[in-house]
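Following: one structure in structure tokens, then a few remarks.
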Amino acid sequence: MCPRQERDSSDEDLEMSDTDEADDQRYDPASVEQKWQQVWADLDPFRAADDSPREKRYALTMFPYPSGDLHMGHAEVFALHDVAARYWWLRGYEVLNPMGFDSFGLNAENAAIRDNEHPATFTYANIAISTESCKKFGTSFDWSRTLNTSDPEYYRWTQWLFLKFRERGLAYRKESPVNWCPVDQTVLANEQVIDGHCERCGAEVTKRELTQWYFKITEYAQELLDNLDVLAPTWPDRVINAQRNWIGRSEGAHVTFEVVDGEPLTVYTTRPDTLFGATFMVVAADAHLAAQLVTDEQRPAYDAYLEEVRKASDIERLSTERPKTGVFLGRYAVNPVNGEQIPIWAADYVLPDYGTGAIMAVPAQDQRDWEFAQKFDLPIVRTVQPPADWEGEAYVGPGPAVNSANDEISLDGMEVDEAKTAIIGWLEQQRAGTGAVNFRLRDWLLSRQRYWGAPIPIVHCAKCGEVPVPEDQLPVLLPELRGADLTPRGVSPLAAAEDWVNVDCPSCGGPAKRDSDTMDTFVDSSWYFLRYCSPHETDRAFDTDLVNAWGPCDVYIGGVEHAVLHLLYARFFTMVLNDMGLVGFREPFSAQLNQGTVINEGAKMSKSKGNGVRLGEQLAAFGVDAVRLTLVFAGPPEDDIDWADMSPTGSVRFLQRAWRLSGDVTSPVGADASGGDVELRRATAHAVHEAGELVEGFRFNVMIARVMELVNATRKAIDSGCGPADPAVREAAEAVAIMLSLVAPYTAEEMWSRLGHEPTVARTSWPSVDPDLLVESSVTAVVQVQGKVKARLEVSPDIAASELEALALAEPAVARAIEGREVRRVIVREPSLVNVVV
RNA sequence: GCCGGGUUGGUGGAAUGGCAGACACUGCGCACUCAAAAUGCGUUGCCCUCACGGGCGUGUGGGUUCGACUCCCACACCCGGCACCA
């Protein structure tokens with residue numbers, strides 16, 4: 001009979017009623033949660049001290065948009081994030097772990113229009129609810145540093161940063177065709193257009209010619225790309241890859257073609273080696289260049305074509321299946337290598353805002369040009385020799401150059417790379433071209449024609465032009481508008497607020513108008529992690545010394561949907577702020593982790609599918625700790641979690657099992673474990689050691705498995721081993737409580753208290769490990785024959801190779817397996833393996 | 001089309017050159033119970049065998065190695081990024 005059963009039955013016999021006995025074997029999450037929330041509120045254990053002598057760590061989670069209460073997705077990120085943050089506290093770091101809200105944006109604005117309210121009403125109500133839920137969820141955020149991007153104290157500095165960027169020439173206005181969402185009635189950045197649809201509302205995006213504000217992110221394209229190599233080891237592959245593809249660097253050349261009776265035309269090409277095969281030119285139909293080049297004779301045809309192009313949606317235009325269209329502009333360019341006059345066409349397969357908006361067409365080596373040449377009967381000259389069995393059209397593979405010589409230079413016979421170098425050299429010599437690099441990345445369009453955002457702090461004066469609002473007049477506060485005032489009309493609602501928009505020019509004092517656009521909310525979120533370091537600063541955006549003390553963020557956890565948007569913008573901001581001397585580093589996030597999505601029954605949760613899982617219901621049913629544990633134990637953090645495959649009841653069971661250990665310990669607080677049961681002490685030491693390494697590698701699910709193993713080992717020790725009084729049992733139970741506090745703070749706190757300690761377990765220390773206990777007294781050696789396991793031996797870890805070999809060969813199973821065969825070789829990897837080759 | 005990642009039991013997942021399936025979930029069996037719940041114990045990759053034991057097995061096909069889930073080559077499928085970007 002095991003000791004535990006004895007104890008339980010005697011307790012019951014003596015004094016306990018049925019309910020008391022039940023209380024002793026399980027705890028009620030709801031009442032425990034309430035109790036500890038109060039204790040934590042009083043102790044405030046996670047307030048980050050700027051002046052702490054401890055080494056600093058910065059744990060950051062992408063701050064949420066306050067669209068309502070928290071959902072399963074938030075729960076997952078917070079649970080994962082909390083493991084790292086709490087671990088660092090236990091390892092003796094001073095941890096900055098702030099939380100705030102990305103509280104400008106269209107959701108609140110649309111809700112305000114619907115309910116005839118002010119967006120702030122909706123926003124701040126949701127912030128209050130979410131904050132409360134966050135606290136109940138047991139997160140270790142430092143709420144003394146919270147911020148909302150819609151607070152004037154915050155957006156004042158968003159505006160200030162805009163002005164600083166403008167001073168440096170990094171914020172500018174230009175007129176160009178922009179992405180327009182007809183439903184949200186606002187322009188969109190390229191990053192917000194997904195397959196021709198609005199990222200937010202799904203409407204088909206159209207083009208409009210508008211004057212808009214841009215950030216010159218392209219100036220940093222090369223560094224944004226280069227630094228990805230440095231970040232690659234600590235950032236997820238898919239984010240690195242997505243950013244590389246988005247930046248889209250290519251190498252080639254600019255080549256200038258003289259134009260008969262016109263200004264010279266420069267094109268960008270990645271294949272300058274094929275220049276001898278350029279048989280015509282194509283200019284983007286909707287580029288100003290095309291309108292300049294077209295001859296009077298061809299103008300009617302061009303105008304008609306342009307009309308057609310403008311009507312086509314982006315969706316149509318993006319299709320590669322679409323037949324080529326175009327119109328001859330009536331003008332000829334001169335190919336610099338052979339002096340041939342080649343026609344200049346306009347077409348919509350050339351984009352106005354990439355490269356120079358014009359190309360040299362080499363149909364023999366480019367499929368698009370091939371199709372165009374076929375359709376309009378233009379000549380095709382091969383300049384790369386395709387393989388003998390080539391049956392395709394344009395040939396883009398490797399091969400020797402042909403038909404590529406003039407009096408001064410011959411590329412014939414050269415392979416592609418060699419030919420590129422040679423022709424660029426020649427072009428540079430002739431001053432007809434130069435090697436060039438191009439990026440797919442475009443400048444960041446930041447103006448939005450909506451209300452609920454930070455107003456752009458510029459005044460437009462007929463006399464003085466663009467005038468920045470003087471810094472001492474910041475913030476430019478939003479006018480009080482609500483309900484129907486906010487209805488989208490194609491211009492910003494701010495433009496209609498007469499009292500607000502009409503101002504005296506700060507420069508000349510004459511009548512002027514405020515810029516009525518607001519900033520993209522991605523501007524707000526590009527610097528919030530810096531503000532957290534000194535959130536109450538009133539005379540500057542942030543304290544540079546504190547930013548440098550805390551930053552860069554040691555880990556940034558969030559959704560992969562921000563792989564190119566927010567993460568690229570925040571990197572750009574940091575580089576600019578570093579150039580301004582305001583930040584001491586160039587990359588804001590040293591390590592990054594993307595959590596997966598919580599789905600249900602194989603599909604994304606949605607109202608229409610009716611497969612939504614409500615966080616509140618799960619928490620009520622299983623308790624906060626069990627839900628957190630389930631989310632963290634489900635698998636690697638970056639994998640999706642199908643809630644239907646999970647077992648929160650299994651988590652409840654485990655937590656109760658762990659908690660029960662704390663009630664079984666009978667040795668006093670502070671009992672010296674050194675004389676305790678060695679086997680259990682080894683198990684504890686291993687679990688603690690491995691759990692630490694696993695947390696550092698973000699392998700939280702495996703860390704929990706190690707804690708489960710320790711709970712199982714401790715249970716066994718109590719019931720059928722050394723018994724509950726052995727100090728090793730206390731040591732193990734305390735280690736379980738501490739490690740469990742990373743995931744299940746309430747259960748851990750209960751355990752810690754029942755083990756006789758004062759709160760809080762979250763601010764005690766990670767258990768120390770005696771290295772001697774990590775050394776095994778014996779190991780299991782595996783004996784293989786032909787790589788197949790035939791026997792296992794318990795041997796000393798420092799066994800000699802010869803001894804191990806002799807023991808292995810003496811095994812009956814081994815002898816049987818090699819019987820009648822010649823032993824050719826014996827591989828010995830003492831102390832764990834012997835492989836006999838026959 | 002180009003770039004990146006992946007594919008392991010009934011399920012989620014462990015193992016990154018040395019015992020495949022840790023830890024869980026589910027299922028099955030047992031104990032406790034009048035019964036159920038809860039809890040505990042055992043068992044749970046597939047096939048052959050009463051059993052002892054043996055064979056097979058990490059998407060597919062090859063290769064390297066004494067030894068491969070792990071490294072290399074090719075292919076299939078799934079997921080993600082880019083895409084008329086010259």
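Numbered from 1 within each chain, the chains take letters A, B, ... in sequence-line order.
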Shortest non-hydrogen contact between [X] and [Y], atoms and distance:
X      : Y      : answer
A/L593 : A/P637 : CD2-CB, 4.2 Å
A/T325 : A/A347 : O-CB, 3.3 Å
A/T270 : A/S250 : CG2-OG, 3.8 Å

Look at all strands and tell whether [X] reaches a base, only sugar-phosphate, or nothing, counting heavy atoms closer than 4.0 Å.
X      : value
A/D639 : sugar-phosphate
A/P636 : sugar-phosphate
A/T269 : sugar-phosphate

For the [atom1] atoms, the ones on [N] and on [M], what distance do you get once it is rounded to whole angstrom?
N     : M     : atom1 : answer
B/A68 : B/G57 : C1'   : 14 Å
B/U26 : B/G81 : C1'   : 37 Å
B/A20 : B/C56 : C1'   : 13 Å
B/U65 : B/C73 : C1'   : 16 Å
B/G13 : B/C75 : P     : 28 Å
B/U11 : B/U44 : C1'   : 13 Å
B/C3  : B/G18 : P     : 31 Å
B/C23 : B/C71 : P     : 25 Å

>> Using only modelled atom types and a 3.5 angstrom limit, is any donor from either the side chain of A/N241 or the base of B/G80 paired with an acceptor on the other?
In response: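 Yes.
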> So does A/N835 reach the base of B/C66 with its side chain, donor to acceptor, closer than 3.5 Å?
Replying inline: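 Check passes, donor-acceptor contact within cut-off.
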Inspect the contact between [Y] and [X] and indicate whether a charged nitrogen and a carboxylate oxygen are less than 4.0 angstrom apart.
X      : Y      : answer
A/D640 : A/K604 : no
A/D348 : A/K324 : no
A/D366 : A/R271 : no

Taking atom [atom2] of [N] as reference, at what distance in whole Å does atom [atom1] of [X] sit?
X      : N     : atom1 : atom2 : value
A/L631 : B/G13 : CG    : C1'   : 15 Å
A/R249 : B/A86 : CZ    : P     : 12 Å
A/N594 : B/C79 : CG    : P     : 19 Å
A/Q367 : B/G1  : CD    : C1'   : 11 Å

Suppose we define a pair by two distances each less than 3.5 Å, Watson-Crick or G-U wobble; what does [N] pair with here?
N     : result
B/G4  : B/C79
B/C32 : none
B/C19 : none
B/C69 : none
B/A24 : B/U11

>> What's the closest nucleotide to the side chain of A/R699 if the choices are B/A86, B/C66, B/A14?
In response: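 The answer is B/A14.
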> Which one, B/C66, B/C82, B/A86, comes nearest to the side chain of A/Y268?
Replying inline: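 Between B/C66, B/C82, B/A86, the one nearest the side chain of A/Y268 would be B/A86.
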> Who are the salt bridge (Lys or Arg N to Asp or Glu O under 4.0 Å) partners of A/D229, not counting sequence neighbours?
Replying inline: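 Only A/R244 meet the salt bridge (Lys or Arg N to Asp or Glu O under 4.0 Å) criterion with A/D229.
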>> Which residues pass the salt bridge (Lys or Arg N to Asp or Glu O under 4.0 Å) test with A/D369, not counting sequence neighbours?
In response: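 If we apply the salt bridge (Lys or Arg N to Asp or Glu O under 4.0 Å) test to A/D369, skipping adjacent residues, there are no hits.
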> Considering heavy-atom distances to RNA chain B, does A/V652 or A/R271 have its closest nucleotide positioned more toward the 5' end?
Replying inline: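 This one resolves to A/V652.
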> For RNA chain B, whose closest nucleotide is more 5', that of A/F439 or that of A/K716?
Replying inline: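 By nearest-heavy-atom nucleotide position, the 5'-most residue is A/K716.
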>> Please encode protein proximity along nucleotides 19-32 of chain B as a string of B, S and -, counting only heavy-atom distances under 4.0 Å.
In response: B--BBSSS------
> Going by heavy atoms in the side chains, are A/V267 and A/H254 under 4.5 Å from each other?
Replying inline: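 No, every pair of side-chain atoms sits at 4.5 Å or beyond.
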>> Does B/G18 have its OP1 or OP2 closer than 4.0 Å to a side-chain nitrogen or oxygen of A/R829?
In response: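 Indeed not, no polar side-chain atom of A/R829 lies that close.
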>> Can you tell me if A/Y349 touches the phosphate of B/A86, counting only side-chain N or O atoms and a distance under 4.0 Å to OP1 or OP2?
In response: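 Indeed not, no polar side-chain atom of A/Y349 lies that close.
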